[in-house]
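Start at 1 and go down the list; that is how both ligands and their atoms are numbered. If you're wondering where the values come from, they're calculated on a predicted model, not measured in any experiment.
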Amino acid sequence: MKTLVVFASLLVLAAGRPETRPNPHGAQVLRVVPEQASQVHYLRGLLLQGNYDFWLEPRAVGHPVDIMVRAFQLPQLKKTLSQVGLRYTVKISNVAALLSKQRAAQEAARANGPRAMDWTSYHTYQEIMDWLESLATDHPDLCKVENVGSSFEGRTMKMLTLGKGGPGKPAIFIDGGIHAREWISPATVTYMINELVTKRDTYDDILSNVNFYFMPSINPDGYDYTFTDDRLWRKTRSDTNSIFGCKGADPNRNWGFHWMEIGASDEPCTEIYAGSEPFSEVEMRNVRDQIIKHGSDIKVYLTFHSFSQLWMYPWGWTSALPDDWQDLDDLAKSAVDALTSVYGTHYDIGSSTNVIYAAAGGSDDWAKGEGNVKYAYTVELRDTGAYGFLLPPEQILPSGEETFEGVKVVANFVKNTYGK
Ligand code: 0X9
Ligand code: ZN
C-alpha cells in the first residue's frame with residue numbers, strides 16, 4: 001500500500017512537471033483575490049509545491065493571483081480553493097485557443113523564412129542577434145556589438161553598446177528576456193534600441209552624453225524553447241539532476257545577493273528554483289560580468305519583465321527600504337508619468353517586496369547591493385492579466401512607445417546628474 005501511495009504521488013508530481021506537460025488543451029487561467037492573510041499564506045504554499053503555474057504570484061490581501069491550471073487539475077484546484085473559502089473567476093477561458101491563434105499568426109509571418117526585424121510580430125533569438133549585428137555594421141560610429149559568452153546550450157550572447165560620447169560617459173545597462181515567456185520584454189527593449197539608432201539625430205544629445213549597454217534577451221535557451229516546445233516556459237534550460245528530469249533554474253532567483261533567503265525554492269521542478277548555488281546559471285554570470293566590467297560608469301540598471309505594469313526598485317529580499325529609496329522613487333515617478341502620458345497606461349511604483357512579494361536572488365537587488373548601481377529597477381510591462389504572457393503582437397508598438405518615454409526621462413536624468 002505504502003509503495004502504491006508513493007508511486008501515485010510521484011505520478012501526480014510528474015504529471016505537473018514541465019518536461020511532461022501536454023499541450024494545454026482545456027487549460028484555463030483562474031483569478032483568485034485573497035481576502036485574508038491566511039489565504040495569501042495558503043496560496044504561497046501552493047506555489048511552493050510546484051504543481052501549478054502561477055502567472056501572478058500571491059502578493060497580499062486584495063491583490064489578484066492568476067493560476068494557469070491544466071484540464072486534469074481543474075477539479076482538484078477548484079475543490080481546494082473552495083475549502084479555504086477562495087472564490088475564483090476565469091481570467092482566460094481557453095489558453096490553448098489563444099496559443100494556437102498566436103502560433104498561427106507567428107507561422108504565417110515566417111512563411112518565407114526568417115523575418116526582418118519589426119515590431120508587429122515577435123522575433124526569434126537568432127533574428128534579434130542578427131539584427132544587433134546589422135546595426136553595428138550599418139552604424140559603426142554609434143553601435144558596437146560584442147560576444148559576451150555562451151548560454152548553457154551554446155548560444156552566443158551579445159551585448160550592444162550604444163553611444164557616441166566615447167568611454168567614461170555615465171551609462172545605463174538595460175536587459176530583457178530573463179524570463180523566457182515574457183516576450184514583450186525583448187520586443188520592447190529592441191524597440192527602444194531601434195528608436196535610438198534610427199532617430200539618432202533626434203536623440204543626439206542623449207547619445208552624446210550617455211552610453212547604453214543593451215542585452216535584449218539574456219535567457220537565450222529558454223527563449224528559443226518558448227518558440228519550439230513550450231510557449232509558457234520561464235526558466236533557463238540547464239541540467240538540474242532532478243529525478244523527474246526537470247530542467248532549468250529561475251534566472252531571477254539565481255543572483256548572488258541574499259540568495260535563497262526568501263521567495264525561492266531549492267526544488268528543481270518548481271518555477272522559482274534558485275539553482276544549485278548563486279550564479280549557477282552561466283547566462284547570469286555572463287550578464288553579471290558585464291555589469292562588473294563597466295562598474296562605476298553604470299548609473300542605472302533596468303531589467304524588463306512582464307506582466308503587471310509595475311516600476312519597482314530594491315529590495316526584493318526584505319521589506320526594508322534602501323537608505324536612498326526616495327531618490328529611486330522620485331526617478332521612477334518621473335519615468336512613469338512620462339510613460340502614462342502616452343496611452344494612459346497605469347503603472348504602480350514601489351519596492352518589489354512591498355509592491356509584489358519578497359523574492360531573493362533577483363538581478364535588480366544584485367545590481368544595487370553588489371554591483372553598486374544606485375538606480376536599479378525591475379519594470380513589469382503590459383498587461384495586467386487579460387492576456388498575461390500571451391500579449392498580442394499588436395501591443396508591441398504601444399508598449400515600446402510608452403516605455404521609451406519613461407526610459408528617455410531616465411536617460412536625461414543620467415545626463416543632467418552625472419554628465420560632465
Ligand atoms: O518574480 C520575479 O522574478 C519578477 N516577477 S515576474 O512575474 N516577471 O517573474 C519580479 C522580480 C522583482 N525583484 C526582486 N524580487 N528582486
Ligand atoms: Zn519575469
Side-chain angles (χ1 to χ4, degrees), residues 29 44 47-48 53-59 63-68 175-189 216-219 222-223 226 232-236 248-265 270-275 278 281 283-284 287 301-322 325 328 332 347-371 373 375-385 387-391:
V29 175
R44 287 213 70 82
L47 167 75
L48 288 172
D53 184 359
F54 280 72
W55 285 25
L56 276 184
E57 290 189 26
R59 287 164 67 173
H63 287 274
V65 178
D66 287 352
I67 313 170
M68 192 189 81
D175 68 43
I178 190 170
H179 287 140
R181 63 192 176 182
E182 298 167 9
W183 281 11
I184 190 60
S185 163
T188 300
V189 173
S217 184
I218 62 170
N219 177 5
Y223 187 67
T226 61
L232 294 169
W233 187 258
R234 167 181 168 96
K235 301 189 284 180
T236 60
D250 182 342
N252 211 36
R253 301 291 180 277
N254 191 238
W255 291 63
F257 185 68
H258 294 273
W259 180 79
M260 264 300 286
E261 286 185 14
I262 190 164
S265 170
T270 65
E271 298 284 12
I272 51 171
Y273 173 49
E281 305 310 287
E283 299 83 2
M284 299 307 107
V287 180
Y301 171 73
L302 276 164
T303 180
F304 287 95
H305 289 244
S306 73
F307 58 95
S308 282
Q309 298 173 193
L310 308 167
W311 197 295
M312 301 182 291
Y313 47 83
W315 304 111
W317 68 275
T318 169
S319 59
L321 295 172
W325 72 271
L328 280 84
Y347 269 62
D348 282 332
I349 298 166
S351 90
S352 68
T353 297
N354 295 313
V355 168
I356 46 173
Y357 41 76
S363 64
D364 49 0
D365 278 11
W366 185 92
K368 185 163 181 63
E370 293 284 341
V373 181
Y375 294 93
Y377 295 108
T378 292
V379 180
E380 299 275 4
L381 296 166
R382 292 185 178 202
D383 57 8
T384 55
Y387 293 99
F389 305 117
L390 304 178
L391 196 71

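Residue Tyr357 touches ligand 1 through its side chain alone, judged by heavy-atom distances below 4.0 Å. Contacts between Leu56 and ligand 1 below 4.0 angstrom, taking non-hydrogen atoms only, are absent altogether. With a 4.0 Å heavy-atom cut-off, ligand 1 is reached by the side chain of Ser352 but not by its N, CA, C or O.
Set against the non-hydrogen atoms of Glu182, the atoms of ligand 1 under 4.0 Å away are 6 (S), 8 (N), 9 (O). In the vicinity of Ala359, heavy-atom distances shorter than 4.0 Å reach the ligand 1 atoms 14 (C), 15 (N), 16 (N). Below 4.0 Å from some heavy atom of Ser306 lie the following atoms of ligand 1, by number and element: 8 (N). If you number the atoms of ligand 1 from 1 as listed, the ones under 4.0 Å from a heavy atom of Gly362 come out as 16 (N). Here is the list of ligand 1 atoms found below 4.0 Å of a heavy atom in Asn252: 2 (C), 3 (O), 11 (C). Set against the non-hydrogen atoms of Ile356, the atoms of ligand 1 under 4.0 Å away are 10 (C).
Contact analysis leaves Ile178 out of contact with ligand 1, as no non-hydrogen atom separation drops below 4.0 angstrom. Heavy atoms of Trp55 stay at 4.0 angstrom or farther from ligand 1.
Residues passing the side chain to side chain contact (heavy atoms under 4.5 Å, CB included) test with Pro186 are Ile128, Tyr223, sequence neighbours excluded. Phe307 pairs by the ring-ring contact (aromatic ring centres under 6.0 Å, His included) definition with Phe389, not counting sequence neighbours.
For a threshold of 3.5 Å applied to N or O pairs, the pair formed by Asp364 and ligand 1 contains at least one separation below that value. Note: an N/O pair closer than 3.5 Å links His305 and ligand 1 by distance alone.
Listed for the Arg59 side chain is a donor-acceptor partner under 3.5 Å among the backbone atoms of Val355. Panel note: side chain Asp365, backbone Gly316; a donor-acceptor pair is recorded below 3.5 Å. Side-chain atoms of Tyr377 come within 3.5 Å of backbone atoms of Leu328 as a donor-acceptor pair (strictly under, hydrogens ignored). Trp259 places a side-chain N or O within 3.5 Å of a backbone atom of Ala274 that can act as its donor or acceptor partner. Distance alone, capped at 3.5 Å, places no donor-acceptor pair between the Asn252 side chain and the Gly361 backbone.
Distances from atom 9 (O) of ligand 1 to the heavy atoms of Glu380, Lys368, Arg234, Glu271 show the closest one on Arg234. Considering each of His258, Met312, Arg253, the one bringing a non-hydrogen atom nearest atom 2 (C) of ligand 1 is Arg253.
Residue Tyr387 places its OH atom among 12 or fewer non-hydrogen atoms of other residues, nucleotides or ligands, all under 6.0 Å distant.
A side-chain donor from one of Tyr301 and Asp175 sits under 3.5 Å from a side-chain acceptor of the other. No side-chain donor-acceptor contact under 3.5 Å links Asn219 and Thr236.
Ionic pairing of Glu281 and Lys235 is not present here: no N-O contact between side-chain nitrogen and carboxylate oxygen is shorter than 4.0 angstrom.
Applying the side-chain hydrogen bond (donor to acceptor under 3.5 Å, both in side chains) test to every pair with at least one member in residues 309-320, sequence neighbours left out, gives these pairs: Tyr313-Asp329.
When side chains are defined from C-beta on, Ser185 does not count as touching His305, because their heavy atoms never get closer than 4.5 Å.
Listing protein N, O or S atoms at distances below 2.8 Å from the Zn ion (ligand 2), with waters left out, gives His179 ND1, Glu182 OE1, Glu182 OE2, His305 ND1.
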